[in-house]
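Everything numeric in this text was worked out from a predicted model, so none of it was measured.
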Amino acid sequence: MDKKEGINIDLIRLKNIKKELESLKNIKKIEPLEIKKAEEKEIILDKKEMEVINEIALENKEEIKIVPPKKEKPKKPKTNSPKKAATEKGETVKKNTSKKENGIENKDEKMYVIPLGGTDEVGKNMTVVQYRDEIIIMDCGVIFPDDSLPGIDLVIPDFTYLENNKNKIKGLFITHGHEDHIGAIPYLYQKIDKTIPMFGGKLTLALVKSKFEGFNFSRTLPPTNEVQGRSQIKVGKYFTVEFVRVTHSIADAYALAVTTPAGTILNTGDFKIDLTPVDGQGVDFARLSQLGEQGVDLLLSDSTNAEVDGFTPSEKSVGEAFKNEFLKAEGRIIIAAFASHIHRLQQIVDIATKNGRKIAIDGRSMVRVFEIAADLGYLKVPKGLIVSLREVDEMQDNKVVVLCTGTQGEPMAALSRIAKGMHKHIKVKSGDTVIISATPIPGNERAVSNNINNLTKEDAEVVFRRIAGIHVSGHGSKEEQKLMLNLVKPKHFMPIHGEYRMLKAHKESAIETGVDAKNIIIALNGSKVEVTKSRVQVVGKVNTGVTLVDGLGIGDIGNSVIKDRQQLSQDGVVIIVFTLEKETGKVLSGPDIATRGFIYSKESEELIQESIENIKQRLKIYEDTRIGDLNNLKNSIRDIASRHFYVKIKRNPMILPIIMEV
C-alpha cells in the first residue's frame, strides 16, 4: 500500500485492531479505555479503516490509539531462526523492499545481450537484447569481403536466431547510417515481419530507405520513426530505448540507452569525443552523466581505436589540411573519400567554393549521398557548383575538383578505374593532385598501395594520410574511451566493435578507470550474455555465423563453393572431354583437354599430350572390361590427371571430366 494513503498511530491500545474496528463502526461514542505505554512502532491503515477512525475521533474529540491485530498461531518447536528471535525480542525485522518496475519484481530479473556481429571483427555490427518474450535489435550492418571470399559482394549476419524468434521482435534501433550498421537491413526484412518499426535519425532513415530501392528488395518499407537526441521510445511491454547524441564521422550518430525491469544497458554506437564538431552538434555529456548517476548495469562501447593512444583529432583539422592542399595544387584535384562522411564532404564543398573550383562527382554511392544529404539540409551546396564529368575536360585544370569513391582500392570503384586508366572521362596527367582521404581497412592495404603506385607512375601528386593530415578517424582513441567509462560509471563492461586484440585493449583501459576486472566480459558473436543487477555472464550460445551475398543470391554460397573458387583462383581448371558409345563403351572421340588459368596450352603441348595418353590407357581398360559405372570412370580419370600434373609441375588444378554418351 502507498504510505501516503495511511496514517501513523502509536500502539497503546491493547485490543485487537480487527475486532475493535468492527465494533466501532456502529458506536456513536466510545468509552475511555485503560492505557499503558507500548513500544513505539508504526503501522499503516487502509482507506476504509481511516474513515472509521476519523469519524469516531471527530465525534469523541479524543485521540484514537490502535494496537495491531495479534494472530494466534499454532505452537511450534523452538528454532534458532534469526527472524523469530528478533521478533520475540521486539526488534524490527526488515521486510522485502525490492523495487518493482512495470509491476515486475526486478530481484533476479534477467535480460540477455546477444551480439550477432561486430565482436572479434570490424563491421557487420548487430546486437540483440532480449527480456522475457520480447526482443529489440540494435543495428544491422555488413562487412565487405576480403581475398578469402572470391566473387562475394557482401557478408551479412546470420539471421537464423531472429527468424526463429521473429514474433518476439518489437523494433530495430539504428545508431547511425554507416554501411557496417545499416547495410544488411533490407536482407533482414526479408526474414522478419515487415511491420516491425525502425527508429533512427533523419539522415540514417533516408539512407536506409535508399537501400530498399536496389536489387530484388520489396519496395514496401517497414514503418520508420524519426528520432532526435533524448528521444525516448517505449516498445512492447518492457522496453524503453533512449537516443543520446554522440559525435562520429557522420551526422545523426547516437548512443542507445536500453531499459527493462532487469536493468539498463548503454550501447555507445560508433563515437569519438569531438569538441569542435563541424555541424555544431556535440556529445550530450550531460545526459550521459545523468545515465551514469541513475545507474548503467552494462556498457557496450566502441573498441575500434582501443590500441591508439591519446585523443582522435577533430574533424575540423582535416578541413585545414584540405585548405593547404588546395592552395598548393596548380592543376586538377581528384579527391577520394567515403560517401557517407557528410562533414568532410561539406568541408570539401566549402573549400572548393572559396577557391573558385567546380565539383564533378563520380561513384553511385557518392551521387546518392549528395542527393539525399542536400535534400535533407545536411549538405549545403551552392547552386551551380556541381558539374558533370563530361564537362571536366572542357574546363581549366585549376578550376575543377573530381570527388569520387574508391578509398579502399575496390576494383570497380571510381579511383581504381582512374588509376588503371580505365575511366571513361578522367585520365590522370602530370600536374594532377590526388588526395585519398581515408585509411586502408585491414586487408585492403595492397589494393590501396597499387592505386597509389599507378597514380604516381602517371606523374600525379598523391596525398594520403601518412604524408598529410587529410584524414582523421571517426572513432575515439584510448583517452576518449576512458572518458566515456568515467561519464557512465557502468557496473559491468563489455567492449564491442573490434577485433579481439582491440576488445582486449579496451578491457585494459576499463580496468585503468576503476572497473573491476571480474565485471568485464569479452563476448564473441553468438554469445548469450545474461545481465542482472548483480552480475553479467555468458550462459550459452545461439546460432550465428555469416551469410554470403553474391549478386541476387543470398546464402546460397557455402564453404564448398568458396573452396572451389579459391582453387580456381590459385591453380585454374582443366576440362577433359570425350564421347562414349552408350551400348559398347567404345571411345568415339577425344579425350580433348582445355585449360583456363592453369597453363598456356601452346607452350605446354607436351604436358597436355602426356596426360591425354594416360587417360586413353584408362579408357581402353573401361572399353575392354566395362567394369564400374560412369561416376567411377570420372573419378578415376580425375585422379590420373591430377597425379600427372602434380608430379610434373607441382600444381593442383580443378579437374572436370565431361563424358558424353551417344
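Between Glu461 and Lys328, no side-chain nitrogen of the basic residue sits less than 4.0 Å from a carboxylate oxygen of the acidic one, so the salt-bridge criterion is not met.
The line from CD1 of Ile182 to CG of Asn125 is 12.0 Å long, rounded to the nearest 0.5 Å. Note that CG of Leu503 and CD1 of Ile520 are 12.0 Å apart. Values are rounded to the nearest 0.5 Å. One distance of note links OH of Tyr189 with NZ of Lys194; it measures 10.0 Å at 0.5 Å rounding. Between Asp284 atom CG and Glu242 atom CD the span is 8.0 Å, to the nearest 0.5 Å. Of the inter-residue distances, the one linking Ile265 atom CD1 with Met138 atom CE reads 6.0 Å to the nearest 0.5 angstrom. Rounding to the nearest 0.5 angstrom, the gap separating the CD1 atom in Ile333 from the CD atom in Glu325 is 8.0 Å.
Few gaps surround NZ on Lys482; more than 12 heavy atoms of other groups in view lie less than 6.0 Å from it. Shown here is Glu391, whose CD atom has more than 12 heavy atoms of other residues, nucleotides or ligands within 6.0 Å.
Checked options Tyr254, Phe173, Phe239; the residue passing with Phe199 is Phe173 (criterion: ring pair (Phe, Tyr, Trp, His ring centres under 6.0 Å)). The residue from Leu485, Leu288, Leu299 that alone fulfils the side chain to side chain contact (heavy atoms under 4.5 Å, CB included) condition with Thr268 is Leu299. Among the candidates Thr439, Asn305, Thr312, the single residue satisfying the side chain to side chain donor-acceptor pair (under 3.5 Å) test with Ser473 is Asn305. Exactly one of Val463, Leu415, Ile452, Thr456 qualifies for a side chain to side chain contact (heavy atoms under 4.5 Å, CB included) with Val434. That residue is Leu415. For the pairing with Lys429, the salt bridge (charged side-chain N to carboxylate O under 4.0 Å, His left out) check across Asp459, Asp393, Asp397 returns one residue only, Asp397.
Under 3.5 Å, the side chains of Asp302 and His248 contain no donor-acceptor pair of N or O atoms. Between the side chains of Gln347 and Arg344, not a single donor N or O lies within less than 3.5 Å of an accepting N or O. Side chains of Ser314 and Thr276: a donor-acceptor N/O pair is present below 3.5 angstrom, by distance only. If you check the side chains of Thr175 and Asp139, you find a donor sitting under 3.5 Å from an acceptor. Inspection of the His178 and Asp270 side chains reveals no N or O donor paired with an N or O acceptor under 3.5 Å. Counting only N and O atoms by type, the side chains of Glu121 and Asn525 include a donor and acceptor under 3.5 Å apart.
Shortest non-hydrogen contact noted between Ala419 and Asn451 is CB-OD1, 3.7 Å. Summarising the geometry of Gly498 relative to Val122, their closest heavy-atom pair is CA-CG2, 4.1 Å, with the distance given to 0.1 Å. Considering all non-hydrogen atoms of both residues, Lys427 and Gly421 come closest at NZ-O, 3.1 Å.
In terms of the side chain to side chain donor-acceptor pair (under 3.5 Å) criterion, Glu410 has no residue partners (sequence neighbours excluded). Looking at residues two or more places apart in sequence or on another chain, you find a side chain to side chain donor-acceptor pair (under 3.5 Å) between Lys478 and Asp309. Residues meeting the salt bridge (charged side-chain N to carboxylate O under 4.0 Å, His left out) test with Lys323, sequence neighbours left out: Glu320. Scanning for salt bridge (charged side-chain N to carboxylate O under 4.0 Å, His left out) contacts around Glu371 gives an empty result, with sequence neighbours left out. Taking Glu179 as the reference, Lys211 meet the salt bridge (charged side-chain N to carboxylate O under 4.0 Å, His left out) condition, with sequence neighbours excluded. Partners of Glu508 by salt bridge (charged side-chain N to carboxylate O under 4.0 Å, His left out), not counting sequence neighbours: none found.
The side-chain heavy atoms of Leu188 and Ile137, taken from C-beta on, include a pair separated by under 4.5 Å.
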(Q) For Thr547 and Tyr187: C-alpha separation, side-chain torsions, deciding distance, then whether side chain to side chain contact (heavy atoms under 4.5 Å, CB included) applies. (A) CA-CA 10 Å; Thr547 300; Tyr187 301 98; over 6 Å; no
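For His497 and His506, the ring centers are positioned 6.0 Å apart or more.
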